[in-house]
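Presented below is the structure to which this report refers.
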Amino acid sequence: MAEQTDNERAGEAEAAKDRIRNKLALLPDKPGCYMMKNRDGVIIYVGKAKVLRNRVRSYFIGSHNGKTQRLVSEIVDFEFIVTSSNMEALILECNLIKQHHPRYNVLLKDDKTFPYIKITNEKHPKLEVTRRIVKDKGKYFGPYPNAFAAQQTKKLLDRLYPLRKCNTLPDKVCLYYHMGQCVAPCEFDVEPSTYDGMISEISKFLNGGEDVVKAELERKMQAAAEALEFERAKEFRDQLIAIDAVMEKQKITMTDAMDRDIFGYAVDKGWMCVQILYMRKGKIIERHGTTFPYYGEEYDDFMTFVTQYYSDNPALPKQILLPHPPVQDDEHEEEVIASLHSWLKIKVLMPQRGRKSEVVSMALDNARVMLEEKFRLIERDEQRSVKASQSLAEWLGLEAVKRIEAFDNSNIQGTNPVSAMVVFTDGKPDRKEYRKYKVKTVEGPDDYETMREVVRRRYERVLKEGLTRPDLIIVDGGKGQIAAAIDVLENELGLFIPVCGLVKDAKHKTAQLMTGDPAEIVPLPRDSQEFYLLQRIQEEVHRFAITFHREQRAKSMVESKLDSIPGIGEKRRKALLKHFGSLKKIREASVEDFRPLSIGDKLAGEIIAALRDEPT
C-alpha cells in the first residue's frame, strides 16, 4: 500500500510539472497578477508583474534562497490575470491578497494600530481617539505616536471646542455644558453652521494651523484682561500653555508644515523590514517597523506592503516619500510614482537630494538597524538555549541533551483522560514533533498507570519505526512517575534513556528537578538558564495537554447530549455534526434544516427541544 501511495504521489508531481510547463508557454508579455496554488487548490501566494512571462517563469528556473524555495516546492498550479497597466496590477494584487489571505504574502490586517483622532460624521459630531479606521465619512487625523499623545491632544481640543462629549445624549445638560465645553444638543437646538465652524477650526488646528488658533486665543485673553475678567483671561492663558505643551513634544525636521509618510526598507536572509516615519505638521512624531519573510523581488514586495498599507486607510498624508529601487530604472520609478499618485490622489516622491532625501535615508537606516537587531536577538536566544541544554546535561552527568521529550497527563475527576508529549531540540520547541494521546487502558484518575501506558505506546512506536530517540525524557511528577516510566522503558522495552521528573510547588510552579532510581533532587539554582528552560518545557507540555483535554471533553459533552436523544445513534450523531458543524448550530436550526439528512419533522422537533431543554 505504501508503494502504491508513493507511486500516486510521483504521478501527481509529474502531472503538476507538465501542467506548469504548458501554462508557462502560454504566459503573455503583458502586466498583470499571478496566483500560485498548492495541491489542495489553495492560493498560497499572489504577486504582480510588469511582464508576466518573465516574472512567473523565474520561479521555476534557477536557484532561490531557502524561503523562496519552500514556496516553490508547494506550487502545483498557477493562474494569472492580465491588466492594462501596472497601476491596475498594483491595485488588483492588493485586492486579491485581501480576498484570499495567502500564507506567503505579508498581511497587514492587524498592523495599523496607531491611534488617530476622529471627528465623527453624525448630526451632533464628537471627537474620538480610535485605532480602527473605517470609511464612514468621519475625519481622521494622525497617526499619533501613542494613545497618551492622542488623548492629550483630544483633551486640549475638548477644552477649546464645545462639541458633545456623551456617546448617548442624556435627558438634561451635564457638567460639560456648565464648564463651557459642550453646546448641549440634548436640551438646545444647535444649528449645523455652529458645528461646521468648530469642525473647520479643529481641522485647521490638527492640520498644522495651531498658530492661527493661538493668535485668536491671545486676542481673547487680552480682551478679557482689559474687561477686568481675570478668571476668563486665565482660562485662555492656560489653553495657550496647553497648546505649547502638546506641540513642543514633537521633533521638528522640516521647515514646512506638511504631513508626510516616509518609507524605508532593508532585506537580509529572506526577511524584509519596512520602516515608516510619520511626519505630521512638518514634525516627525513616531517611527514604526514591521519585519516579515518575503518571497518575491525585494522592491516589488516592498511596494506590495505600501499598497496594502493604504488600501483601507482614509487618513492619508499629503505626501509619501519612497526610496529608489535597488537597480536604477527611471522608467520603473516613474511608473511606480504615477500608479500610486493616480490611485491615492496624493503626491509621491523618490527624492534624489536635499532634506527629503535625508529623511528617506533615515528610514532606510532604521530598517537596516531593526533587521540586524532581529538577527542578533535570534542568534543570542539560540546561543542561550543551546547553552542551557549543555549545562543541563552537565548537571545530570550526561554527554549531551540535544532532544528532550516531555509528558503531561490531564483529566478532571477521571473524565476524558489524555496525555501529551512535547519535544524541545537544542532548547527550542519543535512543534511538528508534538504528539497527543487518548488514554485507553486506565480507568479513573491513576497518574502512574497513565504514565506507564503513554510511555509504552510512545517508545514501542519509536522502536518499531526507527524514530529518533530522545537524550532525556521528562515526566510531570516525582518519584512515582519517574519509577513508572523507567520500569516500562527498561524492563519492557529494553531502552535505557535518562528520565527526570519536574515537581511543582503549592502554587503549581516548577520547584524541583528529580532524577535517578530511586529519584533524588538535582540542586539546580532557581535563577539559572537551565531552570528557566525546564520551566518553559513544563509550562508548554501542560498547556498542550490541557488544550487537548478541553477539546476531548467538549466533544464528549456534545456526543453524550446527542446520544441521550431517542432515535439518535452513532451514525446519525456523526451526520448531524458533519452537516451543522457544532451543537450550537444544531440548537439554533429550524425543523426544515434537518430534512436534507432524511430526519422527519417530528424527530427534528425532539432534537431541537432536547438541546434547548424545552418540553416536547
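Fair warning: this is a prediction, and the values are worked out from it, not measured in the lab.
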Closer than 3.5 angstrom, by distance alone: can the side chain of [X] be matched with the main-chain N or O of [Y] as a donor-acceptor pair?
X: R536; Y: G427; result: yes
X: S528; Y: L524; result: no
X: K37; Y: V76; result: no
X: S385; Y: K428; result: no
X: N38; Y: D40; result: yes
X: D408; Y: D476; result: no

Side chain to side chain contact (heavy atoms under 4.5 Å, CB included) involving L463 - partner list, sequence neighbours excluded: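 Result, side chain to side chain contact (heavy atoms under 4.5 Å, CB included) vs L463: R469, L493, L495.
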E490 atom CD: more than 12 heavy-atom contacts under 6.0 Å: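 Enclosed.
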Nearest-0.5 Å distance, CE of residue M514 to CD of residue Q481: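 One finds 10.5 Å between CE of M514 and CD of Q481.
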Straight-line distance of R403 CZ to T425 OG1, nearest 0.5 Å: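 It comes to 5.5 Å.
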Please enumerate all residues that pass ring pair (Phe, Tyr, Trp, His ring centres under 6.0 Å) together with [X], with sequence neighbours excluded.
X: Y448; answer: none
X: F424; answer: none
X: Y34; answer: Y59

All side chain to side chain donor-acceptor pair (under 3.5 Å) counterparts of Y437, not counting sequence neighbours: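 So Y437 forms no side chain to side chain donor-acceptor pair (under 3.5 Å) with any residue.
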Qualifying residue for side-chain hydrogen bond (donor to acceptor under 3.5 Å, both in side chains) with K402, from D471, T468, D426: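 Testing each of D471, T468, D426 against K402, the sole residue satisfying side-chain hydrogen bond (donor to acceptor under 3.5 Å, both in side chains) is D426.
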Residue from F292, Y265, Y294, Y299 passing ring-ring contact (aromatic ring centres under 6.0 Å, His included) with F305: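 Going through the options one by one, the only one that passes is F292.
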Pairs under 3.5 angstrom only: tabulate donor-acceptor contacts from the side chains of residues 367-376 to other protein residues two or more places apart or in another chain.
residue, atom, partner, partner atom, Å
R368, NH2, D365, OD1, 2.4

